[in-house]
Amino acid sequence: MTSSFKRRVLVPHYARGTPVETAHNPLACVRYGGDEAGVEVAQGCVFMTLPGPSPVLYETWHPMQIGEQQAEGTASIIPRMAGKESGIGWSCEGDVLFAAFWVQDQPELCDAVQTHYERLITLSRQKGFPHIYRMWNYLGAINQDNEYGEERYRDFCRGRAQAFDALGVELTALPAATGIGLPAGGVAVYLIAHRVMQGVNVENPSQLPAYHYPPRYGRRSPSFARATVMEGESQTVLYLSGTASIRGHESVGHTLDEQLAITIETIHSLRAAAEKRFPCLQAGRFESIKLYVRHPKDVSAVQAAIERAFPCPAGQAPLLVADICRAELLVEVEGILLARH
Ligand code: 3EB
């Protein structure tokens, strides 16, 4: 007998200061704000808390159907499972997985980051979800030096790169990602992964691939793709990495307005590259956008400019005040674009 099952990917939904219980059975809930930090698992859901100012922002993760998959026999939806193993909180259902860790602050991040990254990726593979299509990395005091005089972002990048090396992940297979600051604490990482569908990575013609940045930005280059595409039969989803005012590998623009204009242009050029490969994305709309702004005084200007450039459903473009991984960068933008066929 042949049957079909739903093919799905994970997408976020945002709410400010709303109790988590109102969200419809999410796989995960990431809470931005408060003093404590950590990962817990309860009732089939991963609860992650990152330190930050109030009001708290809740990001819940939900499966969204993008197609159907023919299956032999009676294969149908695989029920919700969740747990916490070796510090990794995880939850899965059908073909989608969410997994996360929190590492306490360390005098040097590299080793702890490598160890936890390897555990995170190994767990994803062992649970049956080898296709990681998007990752997020949040680091306390990202622009400060560690005890050995190395900037903490660069220290982190070394551990992350060593983990991908150790697990045999090719540079071109790295997923889209975000790397951004937290007001305090250690390192938070989470990922979304798929059981059968491999994402297709897209690089930006206006930027050098981050994994080829020269050593002046750190001993190991940042490990991420500019964007990852998940193509279904009924919808295609483009996950854009954190994008900032960088051309080639150099930061450009001194004022906020200059950096905003270049960031917007950079996103357009990434979108154009993705549309070349996936023409259906021309009809794409932003489903959500996440804004990171270094200085509170720049918040309203960033919101206004991005709203104008990239329309997005109400409430689904939250902004976090955060340090960005290069001290001169003032703004960074990530997003998820959805095209119905
Ligand atoms: C850049 O383009 C800006 O280290 O995972 C953007 C997205 C950036 C992801 C990461 C860093 C990361 O290099 C910074």
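Start at 1 and go down the list; that is how both ligands and their atoms are numbered. All residue numbers in this chain count up from 1 along the given sequence.
- Closest to atom 14 (C) of ligand 1 among all protein heavy atoms lies Cys325 SG, 3.0 Å.
- Among all non-hydrogen protein atoms, the one lying nearest atom 5 (O) of ligand 1 is Arg160 NH1, 2.7 Å.
- Arg326 and Ser251 share a side-chain donor-acceptor pair at under 3.5 Å.
- Thr178 and Arg134 form a side-chain donor-acceptor contact under 3.5 Å, judged by distance and modelled atom types alone.
- No hydrogens or angles considered: a donor-acceptor pair under 3.5 Å links the side chains of Thr236 and His341.
- Closest to atom 8 (C) of ligand 1 among all protein heavy atoms lies Phe224 CZ, 3.8 Å.
- At least one test fails for Arg158 against the ring of Tyr148: distance under 6.0 Å to the centre or angle within 45° of the axis.
- Between atom CZ of residue Arg219 and atom CD of residue Glu150 there is a gap of 4.5 Å, rounded to the nearest 0.5 Å.
- The distance from ligand 1 to the heavy atoms of Ala177 drops below 4.0 Å at these ligand atoms: 5 (O), 7 (C), 9 (C).
- Contact between Met135 and ligand 1 is absent, with no heavy atom of the residue lying under 4.0 Å from the ligand.
- Checking Trp61, Phe98, Tyr239, Tyr292 one by one against Trp136, the ring pair (Phe, Tyr, Trp, His ring centres under 6.0 Å) holds for a single residue, Trp61.
- If you look at Ala210 next to ligand 1, there are no close heavy atoms at all, none under 4.0 Å.
- The distance from the NE2 atom of His131 to the CZ atom of Arg125 is 10.5 Å, given to the nearest 0.5 Å.
- Counting only residues at least two apart or on different chains, the salt bridge (charged side-chain N to carboxylate O under 4.0 Å, His left out) pairs with a member in residues 165-193 are Asp165-Arg220.
- Of the N and O atoms on the side chains of Asn204 and Ser206, at least one donor lies less than 3.5 Å from an acceptor on the other residue.
- When the options Phe156, Tyr190, Trp102, Phe101 are evaluated for a ring pair (Phe, Tyr, Trp, His ring centres under 6.0 Å) with His116, the one that passes is Phe101.
- The protein heavy atom nearest to atom 6 (C) of ligand 1 is Gly242 O, 3.2 Å.
- Where the criterion is an N or O separation shorter than 3.5 Å, residue side chain and backbone included, Tyr153 meets it with respect to ligand 1.
- Of all the atoms in ligand 1, the ones that sit under 4.0 Å from a non-hydrogen atom of Ile246 are 1 (C), 2 (O), 3 (C), 13 (O).
- For Glu334, no heavy-atom contact with ligand 1 is shorter than 4.0 Å.
- The shell of residues lying under 4.0 angstrom from ligand 1, judged by heavy atoms, excludes His249.
- For ligand 1 and Tyr213, the ligand atoms under 4.0 Å from any heavy atom of the residue are 1 (C), 2 (O), 13 (O).
- Remark: ligand 1 and Thr243 share no N or O pair separated by less than 3.5 Å (distance only, no angle test).
- For ligand 1 and Arg226, the ligand atoms under 4.0 Å from any heavy atom of the residue are 1 (C), 2 (O).
- Taking every heavy atom of Asn137 and a limit of under 4.0 angstrom, the matching atoms of ligand 1 come to 5 (O).
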